[in-house]
Enquirer: 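Let me begin by handing over the structure; questions about it come next.
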Amino acid sequence: MNSIDARGDVKVSKIGIGFIGCGGIHNNHAKALADNPDAYIACAMDVNEDAVKKHQGNYGTECGTTRLDELLANDAVQAVVVCTPTGLHPEHAIAAAQAGKHVLCEKPMALTVAEAERMAQACADAGVVLQIAFVRHFCNEWLKLREIIQSGAIGRPVVWRSVSASGGPASPWFFSKKLGGGPFIDGAVHNYDFARFTFGDATGVCANLRTMRDDSDAWDTGTAIVDFTAGDQLIMCWSWGLPKSETRISAGSAHDILGPGGAITFTGEALKVTTPAGEELVSFEPDGGLEWFKKQMAHFIGCVQTGSQPETGGREGIEATRIAEAILNIGDQPAVVKL
C-alpha cells in the first residue's frame, strides 16, 4: 500500500516479491533483491520443503510454503519470480497473473509458442507486468557487442558463430523433453533472443540434432542455423552430451562474429575488433553476473511501480521460443539428403 508524506507526495511502498521455485537459478534473483531499496522477499514457495527451508536460512524470509495457492493468496506478495522447470512456466505464470501478481519469468518462457502466447494473454487480461529473464539485455559486455555490430565496424550482414560443449546442468529435468527441452531451447534461447535484439526478426532455421546421453530424451547435441531479416546469421554448434562427473567436464565455449569487413572476438575484459586497418580492443566496464541480475531486477520493479512495458516482455519471449520450437521440430523430422 502507498502512503502520503508530509508534503503530500505519494511514497511507493516496497514491492513484496514471491518466489515460485527455490532451485539454483533463484539464488541469483534472491541475491539481486538483497540491496534493492524498492522490494523485498515476501514469501518463498517450492514443492520441496527442504529447498524452502534452505532459502529461508540463506535469505531470512519468514514466509515459506510448499503450496502455490498459499503463496498466491498472500496479500504481501505483489509480484512473483517464476524459477521452476520450463515445462511448468505456463501453469505457474498464468496462475500468478490470475491472482493479480506481476510476473518475472525465467527463460525460456515456455516450451512451445502456443504456451508462451497463453502466458502473455493471461498477463495482458489481468493487467499485470510480464518480463522474461533475458539477462544479457542488462550486461555491459553484450550491449557493447551489439553496439559494435550495429555501428557497421565490421560490415553487415554478419555471421555469429557460437560453439559450446559441456556435460550440461546437474538437474536431470534439463534433459527431459517435457520439462527442460535440452540445450537448443534452454541455454540457446539466450542466443536466439540476443540475435533478434541485434539483427531483427528471424526468417528461417535449419538444424541437425541428436541425442548422445542415455539419460536424456531431449536433443542434447547438434548444429542449428538461424537466418535473420537483414541477412545476418547465427550458427550454433552446441552439446550437453559430454559425460557427467563430480567435476564438470567442458570443452569450453566461444563466440565469434564475422563480417565482410572484419571480425569480433571475446577476450574477457574487451572485445577484439579485427579489420584490414588492424586490431582494436574495445573495452567495456565489467559488471559481473550478479550485477546483470541486479539491473534486471531493478528494471522489473520499476515496471511494476510505473506500469511500463519491460524491455524483455512477452513478445521477446514468444519470438525466442518460436525459433527454438522450429529448431526442435526439425530435430523431430530431420530432412536427410543421401550422397
Side-chain angles (χ1 to χ4, degrees), residues 107-117 119-121 124 130-139 141-164 181 183-209 219 222-238 254-266 271 273-275 282 309-335:
K107 61 78 200 165
M109 185 174 180
L111 290 175
T112 68
V113 171
E115 290 176 330
E117 289 176 337
M119 293 166 64
Q121 190 61 55
L130 171 62
Q131 180 173 326
I132 309 303
F134 287 134
V135 73
R136 288 182 184 175
H137 288 249
F138 306 94
C139 167
E141 177 178 0
W142 285 96
L143 292 174
K144 178 59 69 173
L145 173 66
R146 179 176 185 264
E147 179 185 318
I148 296 170
I149 292 171
Q150 293 193 330
S151 75
I154 63 169
R156 294 284 294 274
V158 303
V159 175
W160 170 9
R161 184 186 67 178
S162 175
V163 179
S164 179
F184 283 90
I185 184 167
D186 184 84
V189 78
H190 275 307
N191 283 4
Y192 307 149
D193 166 69
F194 202 81
R196 278 195 70 254
F197 182 43
T198 304
F199 304 145
D201 285 336
T203 58
V205 306
C206 62
N208 187 314
L209 308 181
W219 305 115
T223 299
I225 301 174
V226 187
D227 290 314
F228 294 86
T229 185
D232 304 290
Q233 189 175 76
L234 168 64
I235 301 175
M236 294 185 45
C237 299
W238 272 38
H255 298 277
D256 296 295
I257 294 84
L258 313 174
I264 308 169
T265 56
F266 289 67
L271 296 166
V273 181
T274 304
T275 67
V282 179
Q309 174 65 25
E311 181 175 325
T312 56
R315 180 168 185 265
E316 286 69 31
I318 290 167
E319 294 307 320
T321 302
R322 193 183 309 281
I323 296 170
E325 184 178 31
I327 288 169
L328 294 178
N329 284 344
I330 292 173
D332 283 325
Q333 300 177 357

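Keep in mind that the numbers below use all heavy atoms, side chains included, and drop hydrogens, waters and symmetry copies. Each residue takes its place number in the sequence, starting with 1. Since we're looking at a predicted model, the values are computed, not measured.
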Enquirer: Going from CD1 on Ile149 to CD1 on Ile257, what distance comes out if it is rounded to the nearest 0.5 angstrom?
Expert: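 Between Ile149 CD1 and Ile257 CD1, I get 5.0 Å after rounding to 0.5 Å.
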Enquirer: Walk me through it: do Leu258 and Val158 pass the test side-chain contact (heavy atoms from CB on, under 4.5 Å)?
Expert: CA-CA 5 Å; Leu258 313 174; Val158 303; over 6 Å; no
Enquirer: Could you check whether any side-chain heavy atom of Ile225 comes within less than 4.5 Å of a side-chain heavy atom of Leu234, counting everything from C-beta outward?
Expert: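 A side-chain contact is absent here, since even the closest heavy-atom pair is not under 4.5 Å.
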Enquirer: Donor-acceptor check, side chain of Thr203 to backbone of Thr229, threshold 3.5 angstrom: yes or no?
Expert: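 Between the backbone of Thr229 and the side chain of Thr203 there is no qualifying donor-acceptor contact (under 3.5 Å).
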Enquirer: Classify the ring geometry between Phe199 and Trp160 as parallel (under 30°), tilted (30 to 60°) or perpendicular (over 60°).
Expert: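 The arrangement is perpendicular - the two ring planes meet at more than 60°.
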Enquirer: Working note: Thr223 + Asn208, criterion side-chain hydrogen bond (donor to acceptor under 3.5 Å, both in side chains); need CA distance, chi angles, decisive distance, verdict.
Expert: CA-CA 5 Å; Thr223 299; Asn208 187 314; over 6 Å; no
Enquirer: Report yes if the side chains of Asp227 and Val205 come closer than 4.5 Å at any heavy-atom pair, otherwise no.
Expert: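 Side-chain contact under 4.5 Å: no.
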Enquirer: Which atoms form the tightest heavy-atom contact between Phe197 and Glu311, and what is the distance?
Expert: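 Phe197 and Glu311 have their closest heavy atoms at CZ-OE2, 3.6 Å.
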Enquirer: Within this structure, what is the CD1-CZ distance for the pair Ile132 and Arg315, rounded to the nearest 0.5 Å?
Expert: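 Output value for this atom pair is 13.5 Å.
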Enquirer: Whether Asp201 and Arg196 form a salt bridge (side-chain N of Lys/Arg under 4.0 Å from carboxylate O of Asp/Glu) is what I want to check.
Expert: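 Result for this pair is yes, salt bridge flagged.
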Enquirer: Please answer whether the main-chain N or O of Val113 pairs with a side-chain N or O of Glu325 as donor and acceptor at a distance below 3.5 Å.
Expert: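 It does hold such a pair.
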Enquirer: Find the distance between CZ (Phe194) and SG (Cys139) and round it off to the nearest 0.5 Å.
Expert: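 If we round to the nearest 0.5 Å, Phe194:CZ and Cys139:SG are 8.0 Å apart.
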Enquirer: Kindly compute the distance separating CG (Leu145) from CD (Gln150), expressed to the nearest 0.5 Å.
Expert: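 The distance works out to 10.0 Å.
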Enquirer: So which atom in Phe184 and which in Met236 form the shortest heavy-atom distance, rounded to 0.1 Å?
Expert: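 Between these two residues, the closest heavy atoms are CE2-O, 4.4 Å.
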Enquirer: Of all heavy-atom pairs between Ala207 and Ile327, which one has the smallest distance, and what is that distance?
Expert: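 Shortest heavy-atom contact: CB-CG2, 3.8 Å.
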Enquirer: If every non-hydrogen atom of Pro260 is compared with every non-hydrogen atom of Pro157, which pair is closest and at what distance?
Expert: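 Nearest heavy atoms, Pro260 then Pro157: CD-O, 3.1 Å.
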Enquirer: What closest approach, in Å, do Ser162 and Asn191 show between heavy atoms, and which atom pair accounts for it?
Expert: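 Nearest pair, atom of Ser162 first, then Asn191: OG-ND2, 3.1 Å.
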Enquirer: Starting at NE2 of His255, measure out to CZ of Phe266 and round the result to the nearest 0.5 Å.
Expert: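 It comes to 5.5 Å.
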Enquirer: Please collect all salt bridge (Lys or Arg N to Asp or Glu O under 4.0 Å) contacts where either partner lies in residues 147-160, sequence neighbours excluded, each pair once.
Expert: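 Pairs touching residues 147-160 that pass the test: Lys144-Glu147, Arg156-Asp232.
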Enquirer: Heavy atoms, side chains only, cut-off 4.5 Å: are Met109 and Glu117 in contact?
Expert: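 Met109 vs Glu117: side chains apart.
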Enquirer: Where the side chain of Tyr192 meets the backbone of Ala202, is there a donor-acceptor pair that is under 3.5 Å apart?
Expert: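 Such a contact is absent between Tyr192 side chain and Ala202 backbone.
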Enquirer: Counting C-beta onward and ignoring hydrogens, is there a side-chain heavy-atom pair between Ile185 and Leu328 closer than 4.5 Å?
Expert: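 The answer is yes; the side chains approach within 4.5 Å.
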Enquirer: Please list, chain by chain and in numerical order, all residues satisfying side chain to side chain donor-acceptor pair (under 3.5 Å) with Arg146, sequence neighbours excluded.
Expert: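 Here no residue qualifies.
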Enquirer: Can you name the closest pair of heavy atoms from Thr275 and Ala153 and give their distance?
Expert: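 Answer, listing the atom of Thr275 first, then Ala153: CG2-O, 3.8 Å.
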Enquirer: Could you tell me whether His190 and Trp142 have their ring centroids closer than 6.0 angstrom?
Expert: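 Not close enough - the centres of the two rings lie 6.0 Å or further apart.
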Enquirer: Quick one: CD1 on Ile148 to OG1 on Thr198, what's the gap to the nearest 0.5 Å?
Expert: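 It comes to 11.5 Å.
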Enquirer: Compare all side-chain heavy atoms of Val135 with those of Lys107 and state whether any distance is below 4.5 angstrom.
Expert: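 Counting from C-beta outward, Val135 and Lys107 never come under 4.5 Å.
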